[in-house]
Amino acid sequence: MGMKLRKIGGSNCGNGPCPAVFETENGTIVVQGFTVSAENAGISFPPGEAAVEIPRDILERIFKSA
């Protein structure tokens, strides 16, 4: 059984998957973006966590519409 996501923001990059922000049926947020390695970020992540990079304007548009 999968998690239901509703897209609440994203880039219009044309064809294919693009960085985006989704709201889950549980009221949490899922961010799709480009993986940032712990080494490049200068921090460590616990098992099961990762960091992603998305364009700033995606979040700015979401916050302005909220």
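Remember, it's a predicted structure, so these values are computed and weren't measured experimentally. Heads up: numbering here begins at 1 and tracks the sequence.
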query = Can you name the residues that form a side chain to side chain donor-acceptor pair (under 3.5 Å) with Gln32, not counting sequence neighbours?
reply = none

remark   = For Arg61 and Gly10, the nearest pair of non-hydrogen atoms, with its separation, is NH2-O, 3.1 Å

query = Say you draw a straight line from CG of Leu59 to CD1 of Ile29; how long is it, rounded to the nearest 0.5 Å?
reply = 10.0 Å

request  = Please report the closest heavy-atom contact between Ile54 and Pro19, naming both atoms and the distance.
outcome  = CG2-CB, 3.9 Å

ask   = Restricting to pairs with a member in residues 27-47, which pass salt bridge (charged side-chain N to carboxylate O under 4.0 Å, His left out), not counting sequence neighbours?
value = none

inquiry  = Show every side chain to side chain donor-acceptor pair (under 3.5 Å) that has at least one partner inside residues 40-54, sequence neighbours left out.
reply    = Ser37-Asn40

Hydrophobic cluster membership, Val52 vs Phe63, 4.5 Å side-chain cutoff = yes

task = Please list, chain by chain and in numerical order, all residues satisfying side chain to side chain contact (heavy atoms under 4.5 Å, CB included) with Ala51, sequence neighbours excluded.
result = Val36, Phe45

message = For residues 21-30, which residue pairs pass the side chain to side chain donor-acceptor pair (under 3.5 Å) check, not counting sequence neighbours?
response = Arg6-Glu23, Thr24-Thr28

remark   = Tightest non-hydrogen contact, residues Ile62 and Ile8, listed as CG1-O, 3.6 Å

